[in-house]
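In what follows, chains carry the letters A, B, and so on, assigned in the order in which the sequence lines appear, proteins first and then strands, with residues in each chain numbered from 1. Only heavy atoms go into these numbers, but all of them, side chains included; no hydrogens, no water, no symmetry mates. Since we're looking at a predicted model, the values are computed, not measured.
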Protein chains: 2
Amino acid sequence: MIAFKGRTYTCPIDVTFSFINGKWKVLILSHLYRYKKRSYSEIRDNLPRISEKMLSQQLKEMEADELIVKKTISSKPYRVEYALAKNGKAFSPIMEFASKWGIRYLKANGIDYLKDQELYK
Amino acid sequence: MIAFKGRTYTCPIDVTFSFINGKWKVLILSHLYRYKKRSYSEIRDNLPRISEKMLSQQLKEMEADELIVKKTISSKPYRVEYALAKNGKAFSPIMEFASKWGIRYLKANGIDYLKDQELYK
DNA sequence: CAGCATCCTCTAGGATACTG
DNA sequence: CAGTATCCTAGAGGATGCTG
């Protein structure tokens, strides 16, 4: 067991996944990984079933964990921009891998994601 | 959106993580990744805070998803053995990566997991 | 546009006891 | 040893309306 910041972890893998557990974090990270800079509403609209509460909550947690950075790019009208921070970029290999794995799995199950991508918007 | 087996997914990454979401799956997989073959109680004892219910439930789901295989190695006394199946082994790169990431993160925060490993049993 | 504040639901997950 | 079967609760997550 590893004791760290008031929590206990089974192993380093446990530590790593504690950053990206939660229903939406991986999806937000992968979205930012793909699009580099995105506004609040762009992220929301890409994740059709996320609630405002969840979105802002997860964004905040990930900002606190320094996985992402938020930048105010204009104050009137108020506009912001989210992007991966260094720690967040460090997860890119997982995104890459999970993406390829998913595409391969779908293909093995009769769905050609790459070919039919425009259908899945 | 991707419709598949009665669920909808945002993207292939969503598909991939649907297999390993849940509080314990990654930890069980990484444990099997490390030890190859493990009995029910060996897995349980390595995950001190897991409940019997969760353990058997997650094992079953992962067996159904063909991430792991269960083998009865003796019927009296009843003994079983869990191991990674092909699909489960396919996640090894994520385990490897997450393990290294966690170790590096811990080190950056003053915990030398490798050096002090015997403390974390 | 980019959120917060509330209130509410529901189910993931835990505790405990029991079985072949 | 390797699990089931119940019962129960905390808190993850959703719906909705409001604000600077």
Side-chain angles (χ1 to χ4, degrees), chain A residues 1 6-10 14 17-29 31-32 35-65 67-83, chain B residues 1 6-10 14 17-29 31-32 35-65 67-83:
Chain A
M1 296 297 256
R7 276 202 46 187
T8 58
Y9 302 88
T10 306
D14 197 5
F17 273 83
S18 72
F19 285 97
I20 56 177
N21 276 337
K23 206 173 171 181
W24 301 102
K25 287 188 181 176
V26 169
L27 297 181
I28 295 172
L29 287 176
H31 188 65
L32 291 176
Y35 292 102
K36 312 301 178 196
K37 294 166 189 288
R38 299 297 267 177
S39 70
Y40 179 89
S41 49
E42 283 173 328
I43 300 173
R44 184 191 58 210
D45 296 346
N46 185 258
L47 270 24
R49 298 192 306 192
I50 197 172
S51 64
E52 300 272 353
K53 182 188 166 191
M54 270 301 105
L55 179 54
S56 70
Q57 185 177 305
Q58 309 258 22
L59 286 171
K60 269 192 179 165
E61 286 177 17
M62 291 168 68
E63 207 190 336
D65 286 337
L67 296 182
I68 62 175
V69 277
K70 173 182 168 183
K71 199 167 146 189
T72 303
I73 55 172
S74 142
S75 45
K76 51 169 179 140
Y78 182 48
R79 278 167 207 284
V80 301
E81 206 171 70
Y82 289 93
Chain B
M1 297 295 256
R7 278 201 46 187
T8 58
Y9 301 88
T10 306
D14 197 3
F17 273 84
S18 71
F19 285 98
I20 55 176
N21 275 338
K23 206 172 172 183
W24 301 101
K25 287 189 182 177
V26 169
L27 296 181
I28 295 171
L29 287 176
H31 187 65
L32 291 176
Y35 291 102
K36 311 304 178 194
K37 295 166 189 289
R38 298 298 265 177
S39 70
Y40 180 89
S41 50
E42 283 174 328
I43 300 172
R44 184 192 58 209
D45 295 346
N46 185 257
L47 270 26
R49 297 192 305 191
I50 197 172
S51 64
E52 300 272 352
K53 181 189 168 191
M54 270 303 105
L55 178 54
S56 69
Q57 185 177 305
Q58 308 258 20
L59 286 171
K60 270 189 178 165
E61 287 176 17
M62 290 168 60
E63 207 190 336
D65 286 338
L67 296 182
I68 62 175
V69 278
K70 172 182 166 182
K71 198 169 147 189
T72 302
I73 55 171
S74 142
S75 45
K76 51 169 178 142
Y78 184 47
R79 278 167 207 285
V80 301
E81 206 170 70
Y82 290 93

Worksheet entry | Members of residues 67-77 of chain B that approach DNA chain D, where some heavy atom sits under 4.0 Å away |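 Those residues are B:Lys70.
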Worksheet entry | Relative orientation of the end axes in the helix from C:dC1-D:dG20 to C:dG20-D:dC1, expressed as an angle to the nearest 10° (five pairs per end) |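 The two end axes of the helix from C:dC1-D:dG20 to C:dG20-D:dC1 meet at 60°.
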Worksheet item: Which is it for A:Arg38 and A:Leu32 under the side chain to side chain contact (heavy atoms under 4.5 Å, CB included) test, yes or no, and what are the steps along the way?
Response: CA-CA 7 Å; A:Arg38 299 297 267 177; A:Leu32 291 176; 3.9 Å; yes
Worksheet item: For the atom pair CG (A:Leu59) and OH (A:Tyr40), what is the distance rounded to the nearest 0.5 Å?
Response: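 Here the rounded value is 7.0 Å.
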Item to complete: List in chain and number order the residues that pass ring-ring contact (aromatic ring centres under 6.0 Å, His included) with B:Phe19, two or more places apart in sequence or in another chain; answer none if no residue qualifies.
Response: A:Trp101, A:Tyr105
Discussion item. Check the phosphate of D:dG3 against B:Tyr82, side-chain N and O only, distance under 4.0 Å to OP1 or OP2. Yes or no?
Written reply: yes
Practice prompt. Give a yes/no on whether any side-chain N or O of A:Ser56 is located under 4.0 angstrom from OP1 or OP2 of C:dC4.
Written response: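 Checking A:Ser56 against C:dC4: at least one side-chain N or O falls below 4.0 Å of OP1 or OP2.
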Item to complete: List in numerical order all residues of residues 17-25 of chain A for which some heavy atom is under 4.0 Å away from an atom belonging to DNA chain C.
Response: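 Residues of residues 17-25 of chain A under 4.0 Å from DNA chain C: none.
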Worksheet entry | Nucleic acid contacts of residues 36-51 of chain A, taken as heavy-atom distances under 4.0 Å to DNA chain C | A:Ser39, A:Tyr40, A:Ser41
Which protein N or O atoms sit under 3.5 Å from an N or O of nucleotides 6-11 of chain D?
none

Worksheet entry | side-chain hydrogen bond (donor to acceptor under 3.5 Å, both in side chains): pairs with one or both residues in residues 73-82 of chain B, sequence neighbours excluded | none
Worksheet item: Got a sec, which pairs hit salt bridge (Lys or Arg N to Asp or Glu O under 4.0 Å) with one end in residues 43-58 of chain B, sequence neighbours left out?
Response: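 The answer is B:Arg44-B:Glu52.
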Under 3.5 Å, N/O pairs linking protein and nucleotides 18-20 of chain D:
none

